[in-house]
Amino acid sequence: MIIKKPPMGWNTWNTFMGSINEQMVKESADAFISEGLRDAGYQYVVVDDCWSEQNRDPVTDRLVPNHEKFPNGMKALSDYVHSLGLKFGMYSCIGVRTCAGYPGSFDREFLDAETFASWGVDYLKYDGCYFPETTDQENMYHRMGVALENCGRDIVYAVCNGGEADVWTWIRSTGANMFRSTYDIMDNFRSYYDIAMSQKDKFCFSAPNCYNDIDMLTVGIYGNGKIGKLGCTDSEYRQQFVLWCMYNAPLMLGCDIRSMSAATKALVTNRDLIAIDQDDAARPPIWFKHRWNEDLRWAFKHLSKGYALALYNFSDSDSKIQFLFDSVGITVASGLKARLTDIFTGECVGEFRDCFAADVPRHDVKLYRFELVK
Ligand code: GLA
């Protein structure tokens, strides 16, 4: 399966963990339409771990959907999702058990790929827990890669091994379309900050058809999900979303999309921001940091047309952040000026020759479209 853009969608885990069922997945699929998510480009409705019975079918050996949570089975649910013009995603694991202890796909890869295809699955998140220690993790990911390629249906292969075994160095060869590079995100500032910083030098391994996945977003959870009660402020969620977009990371929402705040909805459907994430060139940003204060950082990204500039204040106090154009090869002698437009306000903030500085509140970000003009 070939994909040219980082996938966008929603996943059940961050807010609900095992508390999932057919009704809430259907309502969330409906919210893709009513909340404008589908129109903004979100496509995948993904059911994460805890969807199955504790054991396989004793006769067919196939995975069985939990009868109470999904009384009509997965095909009926996927039909519903498809009827809304959306795509359906599911979850399994390379191990004998999934990370939450349900049956995994170890040694049943081809059977399970065929089962997922028969249910109309378009996206498989494939986790990395509980594989026999004497087996090789890399080989396990090859197995499902080949199984999906031969199951008769196009299925996005979303690998999730928490970044173990230097996954970025071999994962493209398995047929994966995206790969988790970090351990699980929690709903707080420190967690998304550490994840984003840990991958600063790893985005050279992320490109069309196989994207570095820095986890489902926590934007809009406000501490109400099952992955941490601390929560973030709106400015922190803005910072998180900009980090993901500047990286061309998959945008998988993790909040309860049936009841998003106005700020969350405006942020995750911001077309200019999403265009930066989905930019065809998928180039990694160039990172800079303040000489004495590494909590002040900025990133510059070559888009397929023009550039984007993000000024991040990760520190605990409001600060001014300055970007020197010479750092990215834009010399004064070039005769070029930079015209900056604030992505959030749409306002043109002016034209500048050699540098630009802006006040950025604590735990917030400023983001600009950066065009060079004569
Ligand atoms: C791992 C993954 C999470 C989630 C859980 C499910 O921890 O990283 O995203 O899928 O497993 O058990």
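Numbering of ligands and ligand atoms starts at 1, following listing order. Numbers for residues simply follow the sequence, beginning at 1. What you see is a predicted model, and the numbers here were worked out from it, not measured in a lab.
- Heavy-atom separations between Y91 and ligand 1 include at least one value shorter than 4.0 Å.
- Each of N11, N14, T12 was scored for a side chain to side chain donor-acceptor pair (under 3.5 Å) with D48, with one residue passing: N11.
- Taking a cut-off of under 4.0 Å to the non-hydrogen atoms of C99, the atoms of ligand 1 that pass are 1 (C), 11 (O), 12 (O).
- The atoms of ligand 1 that sit less than 4.0 Å from any heavy atom of A100 are 12 (O).
- Polar contact check, D127 against ligand 1: a nitrogen or oxygen pair lies under 3.5 Å apart.
- Among residues at least two apart or in separate chains, ring pair (Phe, Tyr, Trp, His ring centres under 6.0 Å) pairs with a member in residues 19-75 are Y44-Y123, W51-W119.
- Residues L309 and I330 share a hydrophobic cluster, clusters being chains of Ile/Leu/Val/Met/Phe/Trp/Tyr side chains in contact below 4.5 Å.
- The two atoms that bring Q137 and A165 nearest to each other are NE2-CB, 4.4 Å, heavy atoms only.
- Heavy-atom separations between D48 and ligand 1 include at least one value shorter than 4.0 Å.
- Using bins of under 30°, 30° to 60° and over 60° for the plane-to-plane angle, the ring pair Y237/Y222 lands in the perpendicular bin.
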Under 3.5 Å, which donor-acceptor pairs do the side chains of residues 348-358 form with other protein atoms, sequence neighbours left out?
| unit_1 | atom_1 | unit_2 | atom_2 | d |
| --- | --- | --- | --- | --- |
| E351 | OE1 | K337 | NZ | 3.3 |
| E351 | OE2 | R339 | NE | 2.9 |
| E351 | OE2 | R339 | NH2 | 3.0 |

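- Looking only at protein heavy atoms, the nearest one to atom 9 (O) of ligand 1 is K125 NZ, 2.8 Å.
- Not less than 2.5 angstrom separates the SG atom of C93 from that of C129.
- For the pair D215 (side chain) and I185 (backbone), a donor-acceptor distance under 3.5 Å is present.
- Within the structure, the closest approach of C160 to ligand 1 falls below 4.0 Å when heavy atoms are considered.
- Contact between M216 and ligand 1 is present, with at least one heavy atom of the residue lying under 4.0 Å from the ligand.
- For ligand 1, one of its N or O atoms has an N or O atom of D49 under 3.5 Å away.
- The distance from ligand 1 to the heavy atoms of R180 drops below 4.0 Å at these ligand atoms: 8 (O), 9 (O).
- Here the protein heavy atom with the shortest distance to atom 8 (O) of ligand 1 is D184 OD1, 2.5 Å.
- Contacts of C50 with ligand 1, taken as heavy-atom pairs under 4.0 Å, are absent altogether.
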